[in-house]
A.B. asks: 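My questions will all concern the structure given below.
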Amino acid sequence: MQMTATQRGILALVVGIAVFSLQDVILKRLSGDYPLYQAMIIRSLTAVPLLLIIVRVLDGRLSTITTPNWGWMFARGFLNFVAYTAYYLGLAAMPMADTVALFFTAPLFITIAAALVFGERIGPMNLLALLAGFAGMLMIFNPSASVFDPAALLPVLGAFGYALTQLATRVLGKTETAGAMTFWGNLTFLASALALAAVFGSGAYDGATHPSLAFLTRGWQAMPMTDLLLFMACGFIASIGLSLLTYAYRVAPSSSVAPFEYSFIIWGVLWGWLFWDQLPTTLAWAGIAALIGAGLLVIRAEAQKEETAESPA
């Protein structure tokens with residue numbers, strides 16, 4: 001039986017999310033031995049030729065990467081760099097499931113930012129989602145615990161940065177292609193990671209004991225071929241995963257495929273359990289459920305807005 005466009009989109013997104021989750025496993029696995037900027041430099045260099053191919057396939061030509069809006073493209077890319085740097089620094093210190101779940105506060109921040117920047121109204125469903133989402137976030141934070149790790153704030157910072165990136169994407173998407181924005185985003189990752197290497201690469205700031213801080217400030221490390229290949233694999237993973245996600249949103253309505261992004265949390269739980277014997281606490285499970293519910297409410301509310309806007313007056 002032939003699949004519909006929506007079914008193909010959902011399948012592509014689910015597979016893309018699964019592929020992306022492997023990058024988290026690699027970076028968490030190697031975060032105790034290498035600095036994050038080293039991983040980003042190797043990943044970004046590996047991704048350049050792959051992304052050129054993707055731009056050629058998606059846009060039909062390479063000339064779309066030449067844009068007069070290069071400054072704004074770099075600004076968007078830098079927001080994305082900050083978002084994922086915060087996320088991966090949190091991942092170095094926290095269980096995968098908790099880190100992924102906290103990063104999925106992004107839809108809540110997108111709702112708030114869209115209201116502040118674009119004047120979009122926060123309806124009752126969005127308001128309920130915000131309340132449920134932030135309640136879920138507090139459950140994962142568990143402020144009543146005897147020790148609170150500030151690293152828990154990093155994936156939330158990452159989610160906020162990601163929300164701003166999405167708003168910038170909405171604006172730039174009116175004139176720039178998805179392939180061009182992805183290519184420029186990768187260049188920004190490379191430039192930003194090289195800047196961090198210039199600061200920390202000598203090892204002058206070695207000695208941090210907290211996993212997140214050490215992952216940021218550790219000096220450049222010599223690596224065996226196996227680890228180099230793992231970091232290079234991140235470039236392939238990012239390129240393939242991005243292609244699948246781009247395809248998903250091209251062939252199917254976003255309201256149909258977006259809820260399946262939460263399958264990322266399933267992989268976070270599974271990999272955390274298999275590789276690090278980590279499972280969320282009972283309270284964290286409740287928080288994860290609340291965050292998923294809140295995100296789905298936001299997605300549903302946005303879908304209703306689109307339906308209302310498209311319906312004839």
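Bear in mind the structure is a predicted one, so any value in this text is a computation, not a measurement.
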A.B. asks: State whether the number of non-hydrogen atoms from other residues, nucleotides or ligands found under 6.0 Å of F160 atom CZ is greater than 12.
C.D. replies: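 No, the 6.0 Å shell around CZ holds no more than 12 heavy atoms from other groups.
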A.B. asks: Which pair of non-hydrogen atoms, one from A151 and one from M94, has the smallest distance, and what is that distance?
C.D. replies: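 Closest heavy-atom pair between A151 and M94: O-SD, 3.5 Å.
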A.B. asks: I need the C234 SG to I26 CD1 distance, nearest 0.5 Å.
C.D. replies: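 Rounded to the nearest 0.5 Å, the SG-CD1 separation comes to 4.0 Å.
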A.B. asks: In the single-linkage hydrophobic clustering (I, L, V, M, F, W, Y; side-chain heavy atoms under 4.5 Å), do L194 and V82 co-cluster?
C.D. replies: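 As far as the 4.5 Å side-chain criterion goes, V82 and L194 are connected within one cluster.
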A.B. asks: Compare every heavy atom of G158 with every heavy atom of A86, then report the nearest pair and how far apart it is.
C.D. replies: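 Here A86 and G158 meet closest at CB-N, 3.8 Å.
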A.B. asks: Could you report the tightest heavy-atom contact between T46 and P49, atom names first, then the distance?
C.D. replies: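 Nearest pair, atom of T46 first, then P49: O-CD, 3.4 Å.
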A.B. asks: Identify the two heavy atoms, one from A180 and one from V55, that lie closest to each other, and give their separation to 0.1 Å.
C.D. replies: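 Heavy-atom minimum between the residues: N-CG2, 4.3 Å.
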A.B. asks: How long is the straight-line distance from CD1 of I122 back to CG of L127, given to the nearest 0.5 Å?
C.D. replies: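 Nearest 0.5 Å value for the CG-CD1 distance: 7.5 Å.
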A.B. asks: On the 0 to 90° scale, with breaks at 30° and 60°, tag the F103-Y162 ring pair as parallel, tilted or perpendicular.
C.D. replies: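 F103 vs Y162 ring planes: tilted.
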A.B. asks: CG/L244 to OH/Y247 distance, rounded to the nearest 0.5 angstrom?
C.D. replies: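 Atom-to-atom, L244:CG and Y247:OH are 10.0 Å apart.
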A.B. asks: Test side-chain contact (heavy atoms from CB on, under 4.5 Å) on W267 and I17; report intermediate values, then the result.
C.D. replies: CA-CA 9 Å; W267 293 110; I17 289 293; 4.1 Å; yes
A.B. asks: Give the ring-plane orientation class for Y84 versus Y87, where under 30° counts as parallel, over 60° as perpendicular and anything between as tilted.
C.D. replies: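 Judged by the thresholds at 30° and 60°, the geometry between Y84 and Y87 is perpendicular.
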A.B. asks: Enter the distance from Q166:CD to F109:CZ here, rounded to the nearest 0.5 Å.
C.D. replies: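 Answer rounded to 0.5 Å: 14.0 Å.
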A.B. asks: Hey, what do you get for CD (E261) to CG (L13), rounding to the nearest 0.5 Å?
C.D. replies: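 One gets 5.5 Å once the value is rounded to the nearest 0.5 Å.
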A.B. asks: Show, in sequence, the C-alpha distance, side-chain angles and deciding distance for L279 and V269, and conclude whether the side-chain contact (heavy atoms from CB on, under 4.5 Å) test is met.
C.D. replies: CA-CA 7 Å; L279 282 173; V269 172; 4.0 Å; yes
A.B. asks: Short question: side chain of Y37, backbone of R218 - any donor-acceptor pair under 3.5 Å?
C.D. replies: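 Yes, because the side chain of Y37 sits within donor-acceptor range (under 3.5 Å) of the backbone of R218.
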A.B. asks: Would you call F104 and L291 a side-chain contact if the rule is heavy atoms closer than 4.5 Å?
C.D. replies: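 No, their side chains stay 4.5 Å or more apart.
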A.B. asks: Compare every heavy atom of L91 with every heavy atom of D24, then report the nearest pair and how far apart it is.
C.D. replies: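 Scanning both residues, the minimum pair turns out to be O-CD2, 3.6 Å.
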A.B. asks: I would like to know whether T85 and M40 meet side-chain contact (heavy atoms from CB on, under 4.5 Å); could you show each step before the answer?
C.D. replies: CA-CA 9 Å; T85 296; M40 286 183 168; 3.5 Å; yes
A.B. asks: Shared ILVMFWY cluster between I110 and M125, side chains joined below 4.5 angstrom?
C.D. replies: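 Looking at the clustering, M125 is in a separate group from I110.
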A.B. asks: Using a 4.5 Å cut-off on heavy atoms from C-beta on, say whether the side chain of F231 contacts that of I41.
C.D. replies: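 SC-SC contact between I41 and F231 ruled out.
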A.B. asks: Could you check whether any side-chain heavy atom of I65 comes within less than 4.5 Å of a side-chain heavy atom of L52, counting everything from C-beta outward?
C.D. replies: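 I65 vs L52: side chains touch.
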A.B. asks: With heavy-atom distances below 4.5 Å as the criterion, would you say the side chains of N80 and T188 are in contact?
C.D. replies: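 Contact flag for N80/T188 side chains = no.
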A.B. asks: Can you name the closest pair of heavy atoms from F141 and L102 and give their distance?
C.D. replies: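 Closest approach of F141 to L102: CE2-CD1, 3.9 Å.
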A.B. asks: Any side-chain heavy-atom pair from W276 and K28 closer than 4.5 angstrom?
C.D. replies: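 Yes, close enough: below the 4.5 Å cut-off.
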A.B. asks: Under the 3.5 angstrom rule, does the side chain of S212 hit a backbone N or O of L89 as a donor-acceptor pair?
C.D. replies: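 Yes.
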A.B. asks: For the backbone of L62 and the side chain of R56, can you confirm whether one donor and one acceptor N or O come within less than 3.5 Å of each other?
C.D. replies: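 Such a contact is absent between R56 side chain and L62 backbone.
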A.B. asks: With a 6.0 Å cut-off (strictly less than), is the heavy-atom count around CZ of F134, excluding the residue itself, greater than 12?
C.D. replies: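 For F134, atom CZ is crowded (more than 12 foreign heavy atoms under 6.0 Å).
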A.B. asks: Would you say L45 ends up clustered with M225 if hydrophobic residues are merged whenever their side chains have heavy atoms under 4.5 Å apart, either directly or through other cluster members?
C.D. replies: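 Shared cluster, yes.
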A.B. asks: Using the test side-chain contact (heavy atoms from CB on, under 4.5 Å), find all partners of I54 that sit at least two apart in sequence or belong to another chain.
C.D. replies: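 Expected list: L51, L58, S239, S243.
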A.B. asks: Just wondering, do W72 and T175 contact through their side chains at under 4.5 Å, heavy atoms?
C.D. replies: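 No; the side chains remain at least 4.5 Å from each other.
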A.B. asks: Out of curiosity, N69 CG to E176 CD, how far, rounded to the nearest 0.5 Å?
C.D. replies: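 Rounded to the nearest 0.5 Å, the CG-CD separation comes out at 4.5 Å.
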A.B. asks: Stepwise, does the side-chain contact (heavy atoms from CB on, under 4.5 Å) test hold for I10 with T6?
C.D. replies: CA-CA 6 Å; I10 290 172; T6 298; 4.0 Å; yes
A.B. asks: Please list, one pair per line, the donor and acceptor atoms closer than 3.5 Å that link side chains of residues 197-209 to other protein atoms, with sequence neighbours excluded.
C.D. replies:
unit_1, atom_1, unit_2, atom_2, d
S202, OG, A204, N, 3.4
D206, OD1, G219, N, 2.7

A.B. asks: Give a yes/no verdict on a cation-pi contact between R43 and F189, requiring under 6.0 Å between NZ or CZ and the six-membered ring centre and an angle within 45° of the axis.
C.D. replies: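 Yes, R43 lies over the aromatic ring of F189.
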A.B. asks: Does the gap between the ring centers of Y88 and F215 come in under 6.0 Å?
C.D. replies: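 Ring centres of F215 and Y88 not closer than 6.0 Å.
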A.B. asks: Examine distances only and state if a side-chain atom of Q23 and a backbone atom of A238 form a donor-acceptor pair shorter than 3.5 Å.
C.D. replies: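 No; judged by distance alone, with no hydrogens or angles, the pair does not exist.
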A.B. asks: Going hydrophobic residue to hydrophobic residue with side-chain gaps under 4.5 angstrom, can you get from I265 over to L270?
C.D. replies: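 Yes, same cluster.
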A.B. asks: So, T4 side chain and Q7 main chain: donor-acceptor pair closer than 3.5 Å or not?
C.D. replies: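 Flag set: sc T4 to bb Q7 pair under 3.5 Å.
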A.B. asks: Does the side chain of I42 reach to within under 4.5 Å of the side chain of M223, using non-hydrogen atoms?
C.D. replies: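 They are in contact (side-chain heavy atoms under 4.5 Å apart), so the answer is yes.
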A.B. asks: With hydrophobic residues grouped by side-chain heavy-atom distances under 4.5 Å, do F236 and L228 end up in a single group?
C.D. replies: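 F236 does not cluster with L228.
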A.B. asks: Does any part of the side chain of Y262, heavy atoms only, come nearer than 4.5 Å to the side chain of I299, both counted from C-beta?
C.D. replies: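 Yes. Closest side-chain heavy atoms under 4.5 Å.
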A.B. asks: If you count the non-hydrogen atoms of other residues, nucleotides and ligands that lie under 6.0 Å from CH2 in W273, is the total more than 12?
C.D. replies: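 No, the 6.0 Å shell around CH2 holds no more than 12 heavy atoms from other groups.
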